[in-house]
Amino acid sequence: MTIPNLLSFFRVILAMVFLGVFYNPDVENKRAVLTLILVVSAISDLLDGKIARRFNMVSELGKILDPVADKITQGVLLICLLSKYDLLKWMFVFFLLKESYMAIAGIKVLERTNRNDGAMWYGKVNTTVFYIVMLLLIFLPDMPTAAANTLIIVCIGFMALSLVLYVRRYQSLIKKSKEEQEKSGS
C-alpha cells in the first residue's frame with residue numbers, strides 16, 4: 001500500500017460519505033458540507049497522482065484504483081444530482097456507456113499489450129471539468145436552468161472528446177500490438 005493508493009481508497013470513502021450526507025435531511029449547512037467533501041476529494045485526486053510521480057510510487061494497482069475511485073465519485077455525484085437537473089439523466093447514460101466501453105477496451109488492450117499506461121491528459125482534463133461543473137451545481141443550487149444546462153453540455157462535450165481520443169488510442173495500441181505479433185511470428 002502506497003500513499004497514492006491510500007488516497008484513492010480515501011476518495012472512495014469520501015464518495016460514500018457524500019452520498020450519505022446528500023440524502024440525510026438532518027445535516028446542517030448541507031451545501032457547504034457537500035462542497036467541502038467534493039473539494040477534499042478533488043485535492044486528494046490531484047495529490048495522489050503528484051505524489052505517485054514525484055516519489056516514484058506509481059504502481060499497477062494505483063493505475064487501476066485511481067480511475068476506479070474517480071468513476072465511483074463521478075457516479076455518486078451524478079446519481080445525487082439526477083433529480084435536480086433533467087439533462088444529467090442523459091449525461092448519466094452517456095457516462096455509463098463511456099465507462100463500460102473504457103473498461104472493456106482497457107482490458108482488451110491490457111491483454112494484448114501487457115501495458116497499462118494509466119490516465120491520459122484528456123482523461124484528466126475531462127475529470128477536472130467534471131469536478132468543476134459538479135462543484136458549481138452543488139454550490140450554486142439556484143443557478144438558472146439555462147446556465148446549469150450549458151455547464152452540463154460542456155461537461156458532456158469533454159466526456160465525448162475524451163472518449164473519442166481514448167478510442168483512437170486503444171485502436172492504435174491494438175493495431176500496433178497486432179503488427180508486432182505479425183513481425184515476431186514471421
Minimal non-hydrogen separation, Y85 against A148, with atom names: CE2-CB, 3.5 Å
Heavy-atom donor-acceptor pair, T73 side chain to A69 backbone, under 3.5 Å: yes
L165 CG to L161 CG distance, which is reported to the nearest 0.5 Å: 4.5 Å
hydrophobic_cluster_shared for L140 and L137, side chain cutoff 4.5 Å: yes
Criterion side-chain contact (heavy atoms from CB on, under 4.5 Å) on E28 and V33, from CA distance to verdict: CA-CA 8 Å; E28 291 185 32; V33 172; over 6 Å; no
Cluster overlap M102 with I107, hydrophobic side-chain contacts below 4.5 Å: no
Minimum side-chain heavy-atom gap E180-K183 below 4.5 Å: no
Given T2, N5, D66, the one that forms side chain to side chain contact (heavy atoms under 4.5 Å, CB included) with L61: N5
Joint hydrophobic cluster, I138 plus V154, side-chain heavy atoms closer than 4.5 Å: yes
Note, F9 side chain near M1 side chain (heavy atom, < 4.5 Å): yes
Donor-acceptor contact present, side-chain K178 to main-chain R112, <3.5 Å: no
Those residues that, when tested against K176, pass side chain to side chain donor-acceptor pair (under 3.5 Å) (two or more places apart): none
Gap separating the CG atom of L163 from the OH atom of Y122, nearest 0.5 angstrom: 10.5 Å
With a cut-off of 3.5 Å and sequence neighbours excluded, list every side-chain donor-acceptor pair involving residues 123-136.
from : atom 1 : to   : atom 2 : distance (Å)
N126 : OD1    : M159 : N      : 3.2
T127 : OG1    : G123 : O      : 3.0
T128 : OG1    : K124 : O      : 2.9
Y131 : OH     : S41  : OG     : 3.4

Joint hydrophobic cluster, F139 plus L77, side-chain heavy atoms closer than 4.5 Å: yes
Under 3.5 Å: donor-acceptor pair, side chain of Y166, backbone of M120: yes
Side-chain heavy-atom pair V27, L34 within 4.5 angstrom cut-off: no
Whether K84 side chain and P141 backbone form a donor-acceptor pair below 3.5 Å: yes
From L47 atom CG to R11 atom CZ, the distance as rounded to the nearest 0.5 Å: 10.0 Å
Smallest separation among heavy atoms of I156 and F94, with atom names: O-CE2, 4.1 Å
Nearest-0.5 Å distance that lies between atom CD1 in I37 and atom CZ in F22: 11.5 Å
Point-to-point distance, once rounded to the nearest 0.5 Å, from OG of S83 to NZ of K89: 8.0 Å
Heavy-atom closest contact (Q181 atom, S184 atom, distance): O-OG, 3.1 Å
Any F10 side-chain heavy atom under 4.5 Å of D48 side chain: no
Minimum side-chain heavy-atom gap V40-F18 below 4.5 Å: no
Same apolar cluster (I L V M F W Y, side chains within < 4.5 Å links), L81/L36: yes
Residues, nucleotides or ligands: over 12 heavy atoms within 6.0 Å of N24 CG: yes
Under 3.5 Å donor-acceptor, S162 side chain and F158 backbone: no
Spacing of Y170 atom OH and T113 atom OG1 [to the nearest 0.5 Å]: 10.0 Å
Side-chain heavy-atom pair S172, R168 within 4.5 angstrom cut-off: no
